[in-house]
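Okay, so here's the structure we're looking at.
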Amino acid sequence: MRSLYFVTGGKGGVGKSILSMLLVDFLTQYLKKKIILIESDTSNPDVGKTFVNNEDVEVIFLSLDNADGWIELVNYCETKDKDIVINFAARSGEAIKKFAGTLIGSLEELNRALISFWLINRQRDSVELLKEYMEAVPGELHVVRNTFYGEPHKFELFNNSKIRSEVEKRGATIDCPDLADRVADDLYSGRLSIAKAAVEMPLGNRAELKRWRSIAWKMFDDISIGKTEEKAS
C-alpha cells in the first residue's frame with residue numbers, strides 16, 4: 001500500500017513549506033524512496049521549485065482549487081506507483097471541504113493510505129480550522145506544533161483542548177524542531193533542498209542543519225512514517 005501525505009494547516013505562516021521539505025527529505029534521504037511531490041500552492045510554489053531536477057522527486061504543479069484539479073489528482077494516484085506528498089496552499093481549506101470527497105471516495109480502490117500533517121501555531125484559529133478539517137478528511141492525522149512559535153508547553157489552546165484527544169485517537173501530536181534563522185533564510189532564498197544544503201552550506205550552517213535534520217528524522221521515524229507497506233504486510 002502506497003501513502004498519500006497531506007501537509008496543510010488551513011492558513012499561511014504556520015510552517016507548511018518547511019514541513020513539506022522535511023518530509024520529502026526524510027522519505028528520500030532517510031528511507032531512500034523515490035516519491036512524487038505535488039505543489040498545489042500555485043501562487044507561491046517555492047517548495048515545488050526547490051525539488052525540480054531532483055532525481056528522487058518527481059514534481060507536479062497542480063491547482064487543487066477546483067474539482068478538475070482533484071480529478072487529476074486521483075488520476076495521478078492511480079497511475080503512479082510511488083508515495084505522494086502534497087504541499088497545500090494557505091487558501092486550501094475551502095477546496096478541501098468541497099472537493100476532497102472525490103479523492104476520499106477513491107482511496108480503497110487506489111490502495112492508498114491517507115496521512116495528514118496539520119501544522120499549528122499558538123493562535124485560536126489553528127485549532128478551530130482543525131475541527132473542520134477533521135470532519136472533512138478521514139485517516140491518520142498528526143498535529144504538528146511548530147516550535148518556531150515557542151516550546152511545546154506554550155501551545156496551551158491546543159494542549160488543553162478536547163480536540164487533542166480526538167487527534168491522538170487518529171495519530172499523534174508531534175513537534176517540528178526550530179531551525180536557526182540564518183540557516184532557514186538560506187534554505188528559502190537559495191531554494192535549496194535540505195540534502196543539497198547539507199553539502200553546500202558553510203560548516204557552521206551545516207552543523208546547525210544536521211542537528212535540526214536529525215531531530216526531524218527521529219520525529220517521523222517515531223510515528224512510523226513511510227512504513228505503510230510494513231504495516232499492511
Side-chain angles (χ1 to χ4, degrees), residues 1-12 14-17 19-20 23-24 27 35-45 47-48 58-120 125-144 158 161-174 223-226 228-229 231-232:
M1 178 178 285
R2 293 295 184 183
S3 295
L4 175 61
Y5 299 97
F6 282 13
V7 180
T8 186
K11 55 182 287 185
V14 290
K16 295 185 299 296
S17 295
L19 198 281
S20 292
L23 179 57
V24 170
L27 294 172
I35 68 161
I36 295 168
L37 169 66
I38 293 181
E39 174 60 274
S40 74
D41 190 351
T42 52
S43 62
N44 187 29
V47 176
E58 179 183 348
V59 180
I60 297 168
F61 296 91
L62 177 65
S63 172
L64 295 175
D65 293 335
N66 53 53
D68 285 347
W70 287 86
I71 293 169
E72 194 169 349
L73 172 60
V74 172
N75 291 339
Y76 277 124
C77 289
E78 182 181 30
T79 59
K80 304 288 187 177
D81 187 28
K82 296 178 182 177
D83 287 353
I84 297 174
V85 175
I86 304 178
N87 180 56
F88 277 96
R91 63 183 182 277
S92 63
E94 284 302 312
I96 289 173
K97 285 192 290 183
K98 286 182 180 179
F99 306 121
T102 302
L103 171 69
I104 291 164
S106 305
L107 286 171
E108 184 175 355
E109 189 172 352
L110 292 169
N111 194 32
R112 283 190 180 268
L114 177 57
I115 302 168
S116 298
F117 290 94
W118 182 274
L119 275 291
I120 62 170
D125 54 355
S126 282
V127 177
E128 292 173 346
L129 290 168
L130 173 58
K131 293 177 184 177
E132 298 178 6
Y133 183 83
M134 292 180 70
E135 292 171 359
V137 179
E140 188 173 331
L141 171 67
H142 305 288
V143 168
V144 186
F158 173 73
S161 68
K162 292 181 180 179
I163 200 170
R164 180 175 180 178
S165 62
E166 295 302 311
V167 166
E168 292 175 356
K169 292 175 184 177
R170 291 174 52 175
T173 300
I174 59 178
I223 55 173
S224 298
I225 291 303
T228 303
E229 295 90 342
K231 293 178 187 176

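In what follows, every heavy atom counts, from backbone to side chain, and hydrogens, waters and symmetry copies are set aside. We count residues from 1, following the sequence as given.
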| Sole candidate of T42, D41, L73 that passes side-chain contact (heavy atoms from CB on, under 4.5 Å) when paired with L64 | L73

| field | Donor-acceptor pair, side chain of T79 and main chain of N75, under 3.5 angstrom | value | yes

| task | Might you point out which heavy atoms bring S43 and R91 nearest each other, and give the distance in Å? | result | OG-NH1, 3.5 Å

| task | Give a yes or no on whether a salt bridge exists between R164 and E168, defined as a side-chain N under 4.0 angstrom from a carboxylate O. | result | yes

| Is the closest side-chain heavy-atom distance between V7 and W118 below 4.5 Å? | no

| query | Ion pair present between E58 and K80, side-chain N to carboxylate O less than 4.0 angstrom? | reply | yes

| message | Any heavy-atom pair between the side chains of L110 and L103 that's under 4.5 Å? | response | yes

| query | What's the verdict on side-chain contact (heavy atoms from CB on, under 4.5 Å) for I84 and R112, showing C-alpha distance, side-chain angles and the deciding distance? | reply | CA-CA 10 Å; I84 297 174; R112 283 190 180 268; 3.8 Å; yes

| message | I want to check something: taking the side chain as every heavy atom from C-beta on, are V143 and I174 in contact at a cut-off of under 4.5 Å? | response | no

| query | H142 side chain to G171 main-chain N or O, any donor-acceptor pair under 3.5 Å? | reply | no

| request: Walk me through it: do M134 and R170 pass the test side-chain contact (heavy atoms from CB on, under 4.5 Å)? | output: CA-CA 10 Å; M134 292 180 70; R170 291 174 52 175; 3.7 Å; yes

| request: Output the distance between atom CD1 (I104) and atom CD1 (I96), rounded to the nearest 0.5 Å. | output: 9.0 Å

| field | Side-chain (S40) to main-chain (N87) donor-acceptor, under 3.5 angstrom | value | yes

| said: How close do T102 and S106 get, counting heavy atoms only, and between which atoms? | reply: O-OG, 3.0 Å

| remark: d(K98 NZ, W70 CH2) to nearest 0.5 Å is 13.0 Å

| From CG (L62) to CG (D65), nearest 0.5 Å | 9.5 Å

| Reported CD1-to-NZ distance for the pair I163 and K131, which is rounded to 0.5 angstrom | 6.0 Å

| request: Could you check if a side-chain atom of I120 sits within less than 4.5 angstrom of a side-chain atom of V144, using non-hydrogen atoms only? | output: no

| Would you say the side chain of I36 lies within less than 4.5 Å of the side chain of D83, judging by non-hydrogen atoms? | no

| said: Centre-to-centre under 6.0 Å for F117 and F6, is that the case here? | reply: no

| For the atom pair CG (L141) and CD1 (I115), what is the distance rounded to the nearest 0.5 Å? | 11.0 Å

| task | For residues I60 and E39, determine if any side-chain heavy atom of one lies less than 4.5 Å from a side-chain heavy atom of the other. | result | no

| query | Of the non-hydrogen atoms in G9 and V14, which two are nearest, and what is the gap between them? | reply | CA-CG2, 4.4 Å

| Between E140 and S116, do the side chains contain an N or O donor and an N or O acceptor separated by less than 3.5 Å? | no

| A113 backbone acceptor or donor facing R2 side chain under 3.5 Å | no

| message | Does any part of the side chain of S126, heavy atoms only, come nearer than 4.5 Å to the side chain of F158, both counted from C-beta? | response | no

| remark: Correct closest heavy-atom pair for G226 and L27 would be CA-CD2, 4.1 Å

| Looking only at heavy atoms, which two atoms of F61 and P45 are closest? And how far apart? | CE2-CB, 3.8 Å

| remark: So CD1 of I86 and CD1 of I38: to nearest 0.5 Å the spacing works out to 4.5 Å

| request: Could you tell me whether the side chains of S20 and Y5 share a donor-acceptor contact shorter than 3.5 Å? | output: no

| Side-chain touch V167/L130, heavy atoms, less than 4.5 angstrom | yes

